[in-house]
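Below, all heavy atoms of this structure are taken into account, side chains as well, without hydrogens, waters or symmetry copies. Model, not experiment: these values are computed from the prediction.
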Amino acid sequence: MHGEYKVPGGKLVVVDVDVEDGVLRHVRVAGDFFLEPDEALEAVNGALEGAPADTGTAGLAARIDAALPAGTVLYGLTSEGVGVAVRRALAHATDWTDYDWQLIHEPAQPPALHMALDEVLTAEVAAGRRPPTLRVWEWAAPAVIIGSFQSLRNEVDPEGAARHGIEVVRRISGGGAMFVEPGNTITYSLSVPESLVHGLSFQDSYAYLDDWVLGALGDMGIRAWYQPLNDIATDQGKIAGAAQKRVVGPGGGPGAVLHHVTMSYDIDADKMVEVLRIGREKLSGKGTASAKKRVDPLRRQTGLAREAVIDRMIESFRARYGLAPGKVTAGELARARELARTKFTSPEWTARVP
């Protein structure tokens, strides 16, 4: 069995392993990491040899830590990362490069339709009728997108939203509210087979699915990192937030994961705090200066046009994993439009947590 895992902010860890009589055998760890002294690698392999095959990531990491020679230095590598790679091998996890990725980047669409497309396309991936997909959104109208479990009245000031003509919709994933304006926001979705994140904890899957965009930002001169549980940050402040939803496959079989990210290209902080109640609480009454500090837009950090940032992100993904142009099919669009009408614009769904 073969497993791979790129340590967030670090290097690739590769594990080849067999299971015999319920324990790990013939363990071989490799990768482009740095490790001193040389004999530490054999210590890692030896620590894993004979471990029960059902040992979790934390247990595998503890075995490795106990076996490392005194003064061992790991760079680009962690004992937990090795444990994750082992678990991914045992789960027969797939890798990004195992798939033919498809890009969807279509003209601007209404907020409710975006919510519906996420649900429909991820269900199609779960059913095996669609390849793993990167979808870049274009917004037809300003909106506040609240998480699946958030209270509508606690998050949104209805008078502020009405005054600024901002639609409020609820998405299928958890997490916090997003304040969105066309031209000021970069949003994308990944709809991926569940096997891509096999062996990863819920938290680890966020870091794993965010890794490519950290590389893309690095290519634009921005040193960014994953900040648990679901943020992307720089030393200037938060620039993005992610959310996920797991979708069960047909008949309860292997499904798919929706991972979507909203990035602040620019932001009208004055308007945001008039529309979002929670923004006022998080800022503890410090005003819009704190809002601008807490969310630092990509426009200022890159000096690039929004379209140029998106183009560079897409090219970075394509260079890493391949990416073919695609589109929403007529059948997918019809189902999404119906779902937008019956669910995502309905008061029952939007206010399901009043």
> Would you say CZ of Arg299 has more than 12 non-hydrogen atoms from neighbouring residues, nucleotides or ligands within 6.0 angstrom?
no

> If only atom types and distance count, is the side chain of Ser191 paired as donor or acceptor with the main-chain N or O of Ser189 below 3.5 Å?
no

> Give a yes or no on whether a salt bridge exists between Arg135 and Glu106, defined as a side-chain N under 4.0 angstrom from a carboxylate O.
no

> Using a strict threshold of under 4.0 Å (side-chain N to carboxylate O), is an ion pair present between Lys271 and Glu274?
no

> Kindly work out whether a path of hydrophobic side-chain contacts (I/L/V/M/F/W/Y, heavy atoms less than 4.5 Å apart) joins Ile145 to Val353.
no

> Is any side-chain heavy atom of Gln203 closer than 4.5 Å to a side-chain heavy atom of Pro228?
yes

> Please step through side chain to side chain contact (heavy atoms under 4.5 Å, CB included) for the pair Val247 and Val257, ending with a clear verdict.
CA-CA 6 Å; Val247 175; Val257 177; over 6 Å; no

> Would you sort out whether Arg341 and Glu338 count as a salt bridge (Lys or Arg N to Asp or Glu O under 4.0 Å), showing the intermediate values?
CA-CA 5 Å; Arg341 184 184 68 82; Glu338 179 65 11; 2.7 Å; yes

> Does Leu35 form a side chain to side chain contact (heavy atoms under 4.5 Å, CB included) with Val73? I'd like the steps, not just the answer.
CA-CA 6 Å; Leu35 182 62; Val73 176; over 6 Å; no

> Report yes or no: do Thr94 and Tyr99 form a side-chain donor-acceptor pair below 3.5 Å?
yes

> Does the pair Glu155 and Arg277 meet the rule for a salt bridge (Lys or Arg N to Asp or Glu O under 4.0 Å), with working shown?
CA-CA 5 Å; Glu155 300 300 324; Arg277 294 188 192 277; over 6 Å; no

> Where the side chain of Arg337 meets the backbone of Ala340, is there a donor-acceptor pair that is under 3.5 Å apart?
no

> Take Glu194 and Arg246, measure what salt bridge (Lys or Arg N to Asp or Glu O under 4.0 Å) needs, and give me the verdict at the end.
CA-CA 8 Å; Glu194 189 179 26; Arg246 308 296 170 105; 5.1 Å; no

> Would the number of heavy atoms belonging to other residues, nucleotides or ligands and lying under 6.0 Å from CD of Glu20 be above 12?
yes

> Taking only residues at least two apart or on different chains, which pairs with a member in residues 116-169 satisfy ring-ring contact (aromatic ring centres under 6.0 Å, His included)?
His114-Trp137, His114-Trp139, Trp137-Trp139

> Under 4.0 Å between a Lys/Arg side-chain N and an Asp/Glu carboxylate O for Glu119 and Lys343?
yes

> Where does the angle between the aromatic ring planes of Phe344 and Trp349 fall among parallel (under 30°), tilted (30 to 60°) and perpendicular (over 60°)?
perpendicular

> Leu103 versus Phe317: any side-chain heavy-atom pair under 4.5 Å?
no

> Could you measure the distance from the NZ atom of Lys327 to the CD1 atom of Ile104? Nearest 0.5 Å is fine.
10.5 Å

> Before we go on, tell me: are the rings of Tyr206 and His259 under 6.0 Å apart, centre to centre?
yes

> Please answer: with hydrophobic residues joined when any side-chain heavy atoms are less than 4.5 Å apart, are Val125 and Leu196 in the same cluster?
no

> Any chance you could measure Gln227, atom CD, to Ile239, atom CD1, to the nearest 0.5 Å?
11.0 Å

> With side chains defined as the heavy atoms from C-beta onward, is the minimum distance between Leu339 and Leu113 less than 4.5 Å?
no

> Is there a donor-acceptor pair under 3.5 Å between the side chain of Ser316 and the backbone N or O of Arg312?
no

> Checking Val261 against Val213 for the side chain to side chain contact (heavy atoms under 4.5 Å, CB included) test, could you report, in this order, the C-alpha distance in whole Å, the side-chain angles of both residues, the deciding distance, and whether it holds?
CA-CA 10 Å; Val261 174; Val213 80; 5.9 Å; no

> Start with the C-alpha distance between Arg300 and Asp266, add both sets of side-chain angles, then the distance that settles salt bridge (Lys or Arg N to Asp or Glu O under 4.0 Å), and finish with yes or no.
CA-CA 8 Å; Arg300 190 185 71 80; Asp266 206 346; over 6 Å; no

> Does the pair Val82 and Leu60 meet the rule for a side chain to side chain contact (heavy atoms under 4.5 Å, CB included), with working shown?
CA-CA 8 Å; Val82 177; Leu60 296 171; over 6 Å; no

> In Å, rounded to the nearest 0.5 Å, how long is the span from CD of Glu49 to CG of Asp18?
9.0 Å

> Do Lys11 and Phe34 touch side chain to side chain, with heavy atoms closer than 4.5 Å?
yes

> Working to the nearest 0.5 Å, report the span between CE of Met313 and CH2 of Trp212.
4.0 Å

> Kindly check if the number of other-residue, nucleotide or ligand heavy atoms within 6.0 Å of CZ (Arg153) is above 12?
no

> State, yes or no, whether a side-chain contact exists between Met220 and Val309 at a heavy-atom distance under 4.5 Å.
yes

> Looking at OG1 of Thr234 and CG of Leu214, how far apart are the two atoms once the value is rounded to the nearest 0.5 Å?
11.5 Å

> Is the closest basic N to carboxylate O distance between Arg28 and Asp16 below 4.0 Å?
no

> I need the Leu77 CG to Ile64 CD1 distance, nearest 0.5 Å.
8.0 Å

> Would Asp211 and Arg320 pass as an ion pair if we require N to O under 4.0 Å?
yes

